[in-house]
K.L.:
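Dropping the structure in here first, questions after.
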Protein chains: 2
Amino acid sequence: MNDQKQFHELFPNLEEGLYEELMQYGDIKEVPAGTALLKAGQTIRSTMLVLDGIVKLYQEDDEGNEFFMYNLQQGQACAVSMICTYQQEKSQVTAKAMTDVVLLTIPLEYMDKWLSKYKSWHYFVIKTYRSRYEELLKTINEIAFKNMDERLEFYLKKQVKQFGKHVKLTHQEIATDLNSSREVISRLMKKMERNGWIIINRNSFEWIKD
Amino acid sequence: MNDQKQFHELFPNLEEGLYEELMQYGDIKEVPAGTALLKAGQTIRSTMLVLDGIVKLYQEDDEGNEFFMYNLQQGQACAVSMICTYQQEKSQVTAKAMTDVVLLTIPLEYMDKWLSKYKSWHYFVIKTYRSRYEELLKTINEIAFKNMDERLEFYLKKQVKQFGKHVKLTHQEIATDLNSSREVISRLMKKMERNGWIIINRNSFEWIKD
DNA sequence: CTCTATCGGTGATTATGGTTACTTACAAAA
DNA sequence: TTTTGTAAGTAACCATAATCACCGATAGAG
């Protein structure tokens, strides 16, 4: 079975019985790009594993400002939904499908059941926490110690790593992610172009440095 | 036994056998205020539970700038050391005893053993991750969306919550925690004093608002 | 009691990045 | 082909906070 095979590759090192239960009780959902998967303040009833596509996690404040945290891609799980699922808590963050996305959603009750039943599930959960925690540490590092030009470079490189050299983002979208303004991003990107790091196109840019 | 009793209160809802093992294999360490408990780049071999005192967790960049993340107090555990312990990874953060501190350190091998053996330990680990992750989210919120005056207020309130109305910190120490400069903090605190929020003393301040 | 080190207060200046206000460029719809 | 909407470029200006320079206050050390 194709799904089964692909699943083994995306999430390696789980126990055989766990794969079966994941297939049996997990719910595969296909959502189009742009779908909101998690809203700040919402109560969460299931955990998400990403099978395909890219999901963006970001913070939103009361005035509607946004701040990019990190992306999830295939083979990764949403730590926030795990965390919240646990005690049916409310999310502090927002998640959005950046591309068409295929998800495996796992109802709350299995989260808990599998933790005692499958050691590999336990490790998976821990690993998910750890890597997301580390992403947040990196993000804090950026925002606490660096100026806008360095933060922009870090951000753009991250996008290039995920989407390839040719990234489809407007200056406005980038500005929103960095909680800056379009003019500032345009200025800085123009400078990067003059320095031969990128080529700016309408609605996209191409990374040519390194 | 006094230690045993106190331990039950600090870390409630663990299994009886786990309390015994914690007592047997955990190592109680008393360290004086100012001790570095975790250094960025260091490999970690044990997890820490805080029995008494306050431990500060902060980031440090290459140029020696600091940025305060959160404090741990009695009844809390260090998520970073749990995370790093797991795969013997290197710490990205620094931890320091802010007061005289009593710790229970747990060697790496028991971390893992207890996860399969005691369900309550499992929950404890998960809970620790969750609450620290949420602290980081709040920190990101502050730094991403707020100005210095609001961040300072948030920071000072946090200290008051932990140390009481009378907090012993110099302006320089506060500035370092917020990765700002002493002059900026002095100015803002003077304004808070004029507004009747605090009383400034040499080496300390008192919170009088609310 | 005096000296010295540290802490805190404050004005002036500067740098970073946010804001305002247009302009130009492009692409799809009419 | 003209219209219209959105993206991007740019200059001028402003706000926040970092930096520089200095002074006064206070607490310990001698």
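Note on naming: letters A, B, ... go to the chains in the order of the sequence lines (proteins, then strands), and numbering restarts at 1 for each one. Every value quoted in this text rests on a predicted model; they were computed, and no experiment measured them.
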K.L.:
For the residue pair Tyr19(A) and His8(A), categorise the inter-ring angle as parallel (less than 30°), tilted (30 to 60°) or perpendicular (more than 60°).
P.N.:
parallel
K.L.:
Between dA18(D), dC7(C), dG17(C), which nucleotide has the shortest distance from any of its atoms to the side chain of Asn203(B)?
P.N.:
dC7(C)
K.L.:
Figure out the CG/P separation between Leu178(A) and dT16(C), and round it to whole Å.
P.N.:
18 Å
K.L.:
Rounding to an integer number of Å, can you tell me how far Glu173(B) CD sits from dG8(C) C1'?
P.N.:
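After rounding, the reported distance stands at 13 Å.
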K.L.:
Looking only at the side chain of Lys190(A) (C-beta and beyond, no hydrogens), which of the listed nucleotides dT10(D), dG18(C), dC7(C) gets closest?
P.N.:
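Of all the options, the side chain of Lys190(A) is nearest to dT10(D).
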K.L.:
Using a 6.0 Å cut-off, check whether atom NZ of Lys161(B) has over 12 heavy atoms from anything other than its own residue.
P.N.:
no
K.L.:
Taking the inter-plane angle between the rings of Phe68(B) and Tyr155(B) on a 0 to 90° scale, is it parallel (under 30°), tilted (30 to 60°) or perpendicular (over 60°)?
P.N.:
perpendicular
K.L.:
Go through dA11(D), dG8(C), dA8(D) for me and flag the one nearest to the His171(B) side chain.
P.N.:
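Nearest nucleotide to the side chain: dG8(C).
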K.L.:
Sequence neighbours left out, what passes side chain to side chain contact (heavy atoms under 4.5 Å, CB included) with Lys96(B)? Give chain and number order.
P.N.:
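Tyr58(B).
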K.L.:
Within this structure, what is the CD1-to-P distance between Ile185(B) and dA17(D), rounded to whole angstrom?
P.N.:
10 Å
K.L.:
If I take atom NZ in residue Lys191(A) and atom P in nucleotide dA8(D), what distance separates them, rounded to the nearest angstrom?
P.N.:
19 Å
K.L.:
Could Arg132(B) and Tyr133(A) be counted as a cation-pi pair, given that NZ or CZ must be under 6.0 Å from the ring centre and within 45° of the axis?
P.N.:
no
K.L.:
Could one point to a donor on the side chain of Gln172(B) or the base of dC7(C) with an acceptor on the other under 3.5 Å away?
P.N.:
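Result: no qualifying N/O pair found.
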K.L.:
Could you state the CG-P distance from Asn65(A) to dG17(C), rounded to the nearest angstrom?
P.N.:
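To the nearest whole Å, that distance equals 17 Å.
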K.L.:
In residues 144-160 of chain A, which residues come under 4.0 Å of DNA chain D by heavy atom?
P.N.:
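None - not one residue of the stretch has a heavy atom sitting under 4.0 Å from the strand.
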K.L.:
Tell me what Thr170(B) touches on the nucleic acid: a base, only sugar-phosphate, or nothing, going by heavy atoms under 4.0 Å.
P.N.:
sugar-phosphate
K.L.:
Do you see a donor-acceptor pair shorter than 3.5 Å between the side chains of Glu60(B) and Thr94(B)?
P.N.:
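Yes, Thr94(B) and Glu60(B) have a side-chain donor paired with an acceptor closer than 3.5 Å.
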K.L.:
Expressed in angstrom and rounded to an integer, what is the separation of Lys168(A) atom NZ from dA8(D) atom C1'?
P.N.:
15 Å
K.L.:
Will you find, in the side chains of Thr176(A) and Gln172(A), an N or O donor that is under 3.5 Å from an N or O acceptor?
P.N.:
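Their side chains do contain a donor-acceptor pair, which is all the 3.5 Å distance test asks for.
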K.L.:
Between Trp114(B) and Trp121(B), how do the two ring planes meet: parallel, tilted or perpendicular, split at 30° and 60°?
P.N.:
perpendicular
K.L.:
Heavy-atom nearest nucleotide on DNA chain C for Met189(B) versus Arg182(A): which residue maps closer to 5'?
P.N.:
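Residue closer to the 5' terminus by nearest nucleotide: Met189(B).
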K.L.:
Could you tell me whether the side chain of Thr35(A) and the main chain of Pro32(A) form a donor-acceptor pair under 3.5 Å?
P.N.:
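Yes: the side chain of Thr35(A) pairs with the backbone of Pro32(A).
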K.L.:
For each nucleotide in nucleotides 23-30 of chain C, reading 5' to 3', give B when a protein heavy atom comes within less than 4.0 Å of its base, S when such contact involves only the sugar-phosphate, and - otherwise.
P.N.:
--BBS---
K.L.:
Ignoring hydrogens and angles, tell me if any N or O in the side chain of Asp61(A) forms a donor-acceptor pair with the backbone of Asn65(A) under 3.5 Å.
P.N.:
yes
K.L.:
At less than 4.0 Å, is any side-chain N or O atom of Ser180(B) found next to OP1 or OP2 of dA18(D)? Yes or no.
P.N.:
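Yes.
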K.L.:
Whole-Å distance between dT19(D) P and Arg187(B) CZ?
P.N.:
12 Å
K.L.:
Tell me: CD of Glu193(A) to P of dA8(D), nearest whole Å?
P.N.:
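Rounded to the whole Å, the gap is 11 Å.
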K.L.:
On a plain distance test, is the side chain of Arg194(B) in donor-acceptor contact with the base of dT10(C) below 3.5 Å?
P.N.:
no
